[in-house]
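The block underneath contains the structure these notes are about, expressed in C-alpha cells.
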2 protein chains.
Amino acid sequence: MPTIKDVAKYAGLSRTTVSRVINDQPYVSDEKRQCVLKAMEELGYVPNSSARRLRSQKTETLAVLLPRITNPFFSHLIEAMEIKASQWGYQVIICQTHESEQKEQDYLELLRTKQVDGVIMTAVHNDWEVIESYRECGPIVVCNENIEEAQVPFIYVNQEEAAYDATMHLIQQGCKNISFLSGDDDSNVSAYRRSGFLKALQESSLPFLPNASYANAIDVNSGREIFRELRRLNHPIDGVFTGSDEVAAGMIYEAIKEGVRVPEDMSIIGFDNQSISMLMSPSITTVEQPVQDMGEKCVEVLIDQIEHKHRSVREDHVFEHELKVRNSTFQEIALVNS
Amino acid sequence: MPTIKDVAKYAGLSRTTVSRVINDQPYVSDEKRQCVLKAMEELGYVPNSSARRLRSQKTETLAVLLPRITNPFFSHLIEAMEIKASQWGYQVIICQTHESEQKEQDYLELLRTKQVDGVIMTAVHNDWEVIESYRECGPIVVCNENIEEAQVPFIYVNQEEAAYDATMHLIQQGCKNISFLSGDDDSNVSAYRRSGFLKALQESSLPFLPNASYANAIDVNSGREIFRELRRLNHPIDGVFTGSDEVAAGMIYEAIKEGVRVPEDMSIIGFDNQSISMLMSPSITTVEQPVQDMGEKCVEVLIDQIEHKHRSVREDHVFEHELKVRNSTFQEIALVNS
DNA sequence: TTGTAGGCGTTATCAA
DNA sequence: TTGATAACGCCTACAA
C-alpha cells in the first residue's frame, strides 16, 4: 500500500502538496495538482484512515447501543440511522447489550478509547450517573427513553400518553380486567407506560391487577408463556396491554390454539406497528411510533454536537404516536351498532 | 485526555515501561508495575485507539455488507456475527447496500482505506472481478452465496437443493401449476433456487410457467402485489415457491382477503423459518437455514484469516437446510387419510 | 529490568 | 505557491 510519501516522491513534490490536493485545499497550482492526481492514480494511493484519525482526533464513526438487533423496532431504527449517518460520511457500529449493564459499559468505553465520536443509546440499563461519567469523552444522545435528571438530547414519544391512549381504547371496547405486560421492568419506558396504564384505569375506576402484571415480555415466546399463565389465574382477563407486537402475536397464537376468541373473549393490544401486527388474524391493534424520523433525528442531533463541539444540554425531541385500531381489540359488529 | 506520556511523567518512569504495563508484557518489576497502574488509575488514562491502529496496522473492526438490516434473515445473521465478533474483541460496522452496486463498492473501500480488517458480504451485487480487486486490501468472506470462480471462503446452504426440496414438497401435495418468485433476479442465490425449482418440475414432468414467474419479491408488500397479479393470469396457480417468509405472508394475507383458501386452493411455501411463518394462519411451510451457525462461522473464518494472515483460498462451508412442513401447504385431513 | 529514539501516515504551522 | 518539520499517541528495536 503506497503512502503519501510514495506519492510525493513519485510526483517529485512534497508530502504537504500532496496532502493539499487530497484535502482539496487552495494554494496548489493546477499543474502540480494534476501531477499529484496522476501519481495517486497510478500508484493506487488511498489515504490511510488510521493516520487521519490520529491526526484529526476524529473517527467519523458512531456507536449505536441497542438491546438486540433482531427486535424489529430496533432494526428499523438502526436502518434509518445507518442511512442518515452514511449520508454524512459516518460509519455505524452495532453494539448489542442484551440488556446487560456490563455490556452497556463496555460499549460506552468506545467513547473513552476514541473509537467513536459519539454514542446513541436506544435503551439505558445503568444508572444515569454511570452514563454521565462517559459524557466528558464525547456526546451521547438517548433515543426512546426519557430520563429526567439527564442533561443530554432525548428523542422519544411520550410513552405515558401512548400507554394511556392504548389502555383507554381497551376500556372503551368494554374491557374491565386488564393485564399489563412490560419488557425490562427496570427500564424507564416501562415505568412511563405503567404510569399511563394506571392513569387510564384510575380515571375509569377500574382496579389494577398486580397478579396479572408481568415483566420480561419481550418476544413471541414470552407472549405465549404469559398467555398460558394468565389462563391459570382465577381472575378472568378480558384485555391485555402488551407493549410489543411480538408479544401480542405470541398471545394471539396461543389464544387461537386454546379456543379463546380475540377480541370477543380477550382484547389484545400491541406496540410499534410492526408488519406482523397487520398480518396476524386477527390483525393487531397497536401504537405506531415514527421510527424512521426518530432514527434520523438522533443521528442529526448527534452529528451536530460532534461537528460543532457544543456541549450537550437537555433537549427534548418528542415525536407523536398514533393508535392503529385493528381487529384484536375491535369487533366490527360494534361499529355497526354504534 | 491524558496520554501515555502523562502517565509516564506522573509515575516518574518512561513511556516504554508504561506501554509494557498496558500490554501486559514481562520485564517490569512488580513495584514499577503497581506504580504505573496507580498513575493510570489516578489520571483516568485510557489508551487511544487511533494511535494503536496506526502503530499496529490493525483496526479490530469488521464490515458486514447486507442489503437491508430490517430483513429478519439478515438481522438474525448480523446478531450472531456481532456476538461472535465481540467475543474476539472486534467491532462490527453495518453496511446496508440496498442492492446498490455503488454502495457495495463504497463500503468495500473501507478495506482499502484500512478502516476495517476484513469484510463479510452477505450478498454480492457487483461482478466478482470488481470484488476481486479489493482482495489485496484485506480478507473477504462471502455468506449466503456461492460464486464458482471466486477464491475466498464461502458459507452457505445449498440453495439449489433447498429449492428442489421445497418444490418437490409442493408437487407431492398435488400442485401442478407452480409459480416461482425470487428476490434480486441477478443474484446467485436466485439462480441456484431457480435451477433447483426447474429440476423438480422436470423430474415430475410439470411445465415451467414463465408468466407466473416474478423477481423482486422481497417483502410483505411485494408478496401482496404479486398475489394480485397472479390472480389476473388466465392460468390458475395452485402452488407458489416464494423464497421468503415475508413474501409468503403477504400472499397469504391477500389470499384471505380474496377468499382464496390456503392450502386448498393454493399452496404457498416460504423460506428462512422466521417467526412470522409460525404465527400466520395458516402457518407457513418454510425452509430453515441455520442462520446463527452460519453467522458465527463467517466471523470465525474471517478473523482466522485476519490474525493468521494466510491468503484466502476457496473454502466451502456448506450448512444443512431443513424443510419445515406447516399448514400453508399441508391439509391436516391429508394426514388422517394417509 | 529500564530507557532512548524512531517511525506508523497524516496534517498543520511556519518559513521560504 | 511550495516545502521542511513537528506533532497526533503508541509500540518496539536496541542500547544501557
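All chains are named by letter (A, B, ...) in the order of the sequence lines, taking the proteins before the strands, and each is independently numbered beginning at 1. Note that the coordinates shown come from a computational prediction; the quantities given were computed from them, not determined experimentally.
- Residue contacts shown for B:P47 are limited to sugar-phosphate atoms, with no base heavy atom under 4.0 Å away.
- At whole-Å resolution of the value, NZ in A:K5 and P in D:dG3 are 16 Å apart.
- Side-chain atoms of A:I4 lie closest to C:dT10 of the nucleotides D:dG9, D:dC11, C:dT10.
- With C:dT2, C:dT13, C:dT10 as the choices, the nucleotide that has an atom nearest any side-chain atom of A:R20 turns out to be C:dT13.
- Residue A:Q115 contributes atom CD, which lies 16 Å from atom P of D:dG9 at whole-angstrom precision.
- Atom CE in B:M40 sits roughly 11 Å away from atom P in D:dC10 (whole-Å rounding).
- Residue B:T3 is in sugar-phosphate contact alone, with no base atom involved, counting any heavy-atom pair closer than 4.0 Å across all strands shown.
- Contact annotation for B:V18: no contact, since no heavy-atom pair falls under 4.0 Å across all strands.
- One can find a donor-acceptor pair under 3.5 Å joining the base of D:dA7 and the side-chain atoms of A:R55.
- One interatomic measurement links the two molecules: CZ of A:R15 to P of D:dA7, which rounds to 14 Å at whole-angstrom precision.
- B:S19 places no side-chain N or O within 3.5 Å of a backbone atom of B:R15 that could act as its donor or acceptor partner.
- Here the nucleotide nearest the side chain of B:S29, chosen from C:dG9, D:dC11, C:dT2, is C:dT2.
- Using a distance-only test at 3.5 Å, with no hydrogens or angles considered, a donor-acceptor pair links the side chain of A:T59 to the main chain of A:D117.
- Both A:D30 and B:T16 lie near DNA chain D, and the one whose nearest nucleotide falls closer to the 5' end is A:D30.
- A donor-acceptor distance shorter than 3.5 angstrom exists from the side chain of A:Q96 to the backbone of B:E79, with no hydrogens or angles considered.
- For C:dA16, neither phosphate oxygen OP1 nor OP2 lies less than 4.0 angstrom from any side-chain nitrogen or oxygen of A:Y27.
- In this structure, of D:dT12, D:dA4, D:dC8, it is D:dA4 that holds the atom nearest to the side chain of A:S14.
- A:N48 has no side-chain polar atom (N or O) that falls below the 4.0 Å cut-off from OP1 or OP2 of C:dC8.
- Panel note: side chain A:R314, backbone A:A150; a donor-acceptor pair is recorded below 3.5 Å.
- Checked against C:dC8, C:dG3, D:dT5, the side chain of B:L54 finds its nearest nucleotide in C:dC8.
- Residues B:Q115 and A:E60 form no side-chain contact, since every pair of their non-hydrogen atoms from C-beta on lies 4.5 Å or further apart.
- Distances shown here put every side-chain N or O of A:T17 at or beyond 4.0 Å from the OP1 or OP2 atom of D:dT2.
- One can place CZ of B:R33 at 14 Å from P of C:dG3, the figure rounded to the nearest angstrom.
- Note: A:H310 and A:H308 have parallel aromatic rings, judged against thresholds of 30 and 60 degrees for the angle between ring planes.
- Residue A:Q57 places at least one side-chain N or O closer than 4.0 Å to OP1 or OP2 of D:dG9.
- Distance A:Q25 CD to C:dT13 C1': 12 Å, rounded to the nearest Å.
- For the OP1/OP2 pair of D:dC11 and a distance below 4.0 Å, the side-chain nitrogens and oxygens of B:R52 include at least one atom meeting the criterion.
- Using a 4.0 Å heavy-atom distance criterion, B:R53 is classed as making no nucleic acid contact.
- Here D:dT2 presents its P atom at 15 Å from CD1 of A:I22, a figure rounded to the nearest Å.
- Atom-to-atom, NZ of B:K9 to C1' of D:dG9 comes out at 14 Å; the value is rounded to the nearest Å.
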